[in-house]
Novice: 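Sharing a structure below in structure tokens format, with a few things to ask.
Atom set for the values below is all heavy atoms of this structure, side chains included, hydrogens, waters and symmetry mates excluded.
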Amino acid sequence: MNIAVFAGAAEGKKPEYMEAAGALGKWIGENGHTLVYGDGKVGMMGRVAEATLAADGKVIGIIPQFMIDAGWENTDVTEMIVTDTMSERKEKMAELADIFVALPGGVGTLEEAADIVSWVRLGLYKAPFIFWNTLGCYDKLKALYDQMIEDEFLNAEELSFVHYLDNIRELEAVIK
């Protein structure tokens, strides 16, 4: 299974964030899955890739050329796919994914998550979307989506593929 993980280049303030990225990467590798991610070598992105590789997993990094030019790429990946733009990067990740996971992150992670949730909702892709809710980091986003449902901008069924999880057992249940 190809698991697309969106994550930032920052580590976050609390060690639990990096621990979550490492645990997810380790699980991906140990269970024979493939990590599909943005090919960063630092922060949450770097940690999930490093842990997947350390657990003998396969890692596909997708990165725009300008990031390679800046020296931001992870050359340790199993396969690197180079795109022209950030949008192409995200589209390629979506094409390859069987499931989507957003680890805690910043505005880039949030932008990627919002696009993918919208695309799945529109039927362009069919896959679960997991907000990895370490320390409740996505609780306010969940409240916003709940408010959109309450205000009838969405209906609950339209977001039935979205899950807020913070442990591997819950992830395994969603995959089954």
Side-chain angles (χ1 to χ4, degrees), residues 1-64 67-68 71-83 86 89-117 120 125 127-138 141 161-176:
M1 173 178 299
N2 287 348
I3 302 174
V5 175
F6 301 103
E11 293 185 9
K13 180 179 180 179
K14 299 175 182 168
E16 290 89 348
Y17 296 133
M18 290 292 278
E19 290 166 9
L24 178 61
K26 180 179 178 190
W27 178 84
I28 290 170
E30 287 178 345
N31 287 276
H33 301 302
T34 299
L35 170 66
V36 177
Y37 88 120
D39 199 54
K41 61 184 174 185
V42 297
M44 300 286 285
M45 289 174 52
R47 182 68 188 117
V48 71
E50 172 186 276
T52 302
L53 291 167
D56 295 323
K58 181 178 176 187
V59 175
I60 300 173
I62 303 172
I63 187 166
M67 289 185 167
I68 293 172
W72 297 344
E73 79 278 14
N74 182 350
T75 57
D76 294 330
V77 296
T78 311
E79 177 184 354
M80 183 187 298
I81 299 171
V82 180
T83 64
M86 294 290 283
R89 172 202 213 185
K90 186 172 33 188
E91 289 171 12
K92 188 64 176 175
M93 289 176 71
E95 287 171 19
L96 296 176
D98 298 306
I99 184 171
F100 301 99
V101 178
L103 285 168
V107 294
T109 304
L110 185 60
E111 178 265 333
E112 292 165 332
D115 274 353
I116 298 298
V117 167
V120 173
Y125 301 95
F129 192 101
I130 310 300
F131 285 101
W132 203 264
N133 201 24
T134 305
L135 301 176
C137 67
Y138 284 117
L141 180 63
F161 63 92
V162 175
H163 306 273
Y164 300 84
L165 313 175
D166 68 356
N167 69 68
I168 297 299
R169 285 188 323 274
E170 292 175 336
L171 175 62
E172 290 173 336
V174 167
I175 290 173
K176 292 179 183 178

Novice: Give the minimum heavy-atom separation between I63 and G38, together with the two atoms involved.
Specialist: CB-O, 4.0 Å
Novice: Please find the pair of heavy atoms, one from A7 and one from M45, that lie closest to each other, and give the distance.
Specialist: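 Nearest heavy atoms, A7 then M45: O-CG, 2.9 Å.
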Novice: Who passes side-chain contact (heavy atoms from CB on, under 4.5 Å) against E16, sequence neighbours left out?
Specialist: K14, E19, T134, L135
Novice: Partners of Y138 by ring pair (Phe, Tyr, Trp, His ring centres under 6.0 Å), sequence neighbours excluded?
Specialist: F131
Novice: Would V82 and I68 count as a side chain to side chain contact (heavy atoms under 4.5 Å, CB included) here? Give the steps.
Specialist: CA-CA 9 Å; V82 180; I68 293 172; 3.5 Å; yes
Novice: Could you go through I116 and Y125, starting from their C-alpha distance and side-chain angles, then the distance that decides it, and tell me whether this counts as side chain to side chain contact (heavy atoms under 4.5 Å, CB included)?
Specialist: CA-CA 8 Å; I116 298 298; Y125 301 95; 5.7 Å; no
Novice: Could you tell me the separation between the CD atom of E170 and the NE2 atom of H163, rounded to the nearest 0.5 Å?
Specialist: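 The NE2 atom of H163 is 10.5 Å from CD of E170, to the nearest 0.5 Å.
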Novice: How many angstroms lie between CG in L165 and CG in N133, if you round to the nearest 0.5 Å?
Specialist: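 Those atoms lie 8.5 Å apart.
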Novice: Between the side chain of N2 and the main-chain N/O of L96, is any donor-acceptor distance below 3.5 Å?
Specialist: yes
Novice: How would you list all residue pairs meeting salt bridge (Lys or Arg N to Asp or Glu O under 4.0 Å) that involve residues 45-63, not counting sequence neighbours?
Specialist: R47-E50
Novice: Could you grab the distance from atom OH of Y164 to atom CG of L141, nearest 0.5 Å is fine?
Specialist: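 Between Y164 OH and L141 CG, I get 5.0 Å after rounding to 0.5 Å.
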Novice: Could you give the distance from CD1 (I81) to CZ (R89), rounded to the nearest 0.5 Å?
Specialist: 12.0 Å
Novice: What residues form a side-chain contact (heavy atoms from CB on, under 4.5 Å) with N74, not counting sequence neighbours?
Specialist: Y37, D39, K41, A49, D76, V77
Novice: If every non-hydrogen atom of A94 is compared with every non-hydrogen atom of F100, which pair is closest and at what distance?
Specialist: CA-CE2, 3.7 Å
Novice: Of all heavy-atom pairs between F6 and E112, which one has the smallest distance, and what is that distance?
Specialist: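 Shortest heavy-atom separation between F6 and E112 comes out as CD2-OE1, 3.3 Å.
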Novice: So do L35 and V5 actually touch side chain to side chain, heavy atoms under 4.5 Å?
Specialist: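 Result yes, sub-4.5 Å side-chain heavy-atom pair found.
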Novice: Only one of V59, T34, T78 clears side chain to side chain contact (heavy atoms under 4.5 Å, CB included) with T52; which?
Specialist: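 Per the side chain to side chain contact (heavy atoms under 4.5 Å, CB included) rule, the option paired with T52 is V59, out of V59, T34, T78.
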Novice: Which atoms form the tightest heavy-atom contact between W132 and D166, and what is the distance?
Specialist: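 Closest approach of W132 to D166: CZ2-C, 3.8 Å.
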Novice: What's the separation between atom CE in M93 and atom CD1 in I62, rounded to the nearest 0.5 Å?
Specialist: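 Interatomic distance, M93 CE to I62 CD1, rounded to 0.5 Å: 6.0 Å.
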Novice: With a 3.5 Å cut-off and sequence neighbours excluded, list the donor-acceptor pairs that the side chains of residues 24-32 form with protein atoms.
Specialist:
from	atom 1	to	atom 2	distance (Å)
W27	NE1	E172	OE2	2.9
N31	ND2	W27	O	2.8

Novice: With the side chain counted from C-beta on, respond yes when I130 and I99 share a heavy-atom pair under 4.5 Å apart, and no when they do not.
Specialist: yes
Novice: Sequence neighbours left out, cut at 3.5 Å: what donor-acceptor pairs do the side chains of residues 101-111 make with other protein atoms?
Specialist:
from	atom 1	to	atom 2	distance (Å)
T109	OG1	G8	N	3.4
E111	OE2	K90	NZ	2.2

Novice: Are side-chain heavy atoms of Y17 and M44 found at a separation under 4.5 Å?
Specialist: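 Y17 vs M44: side chains touch.
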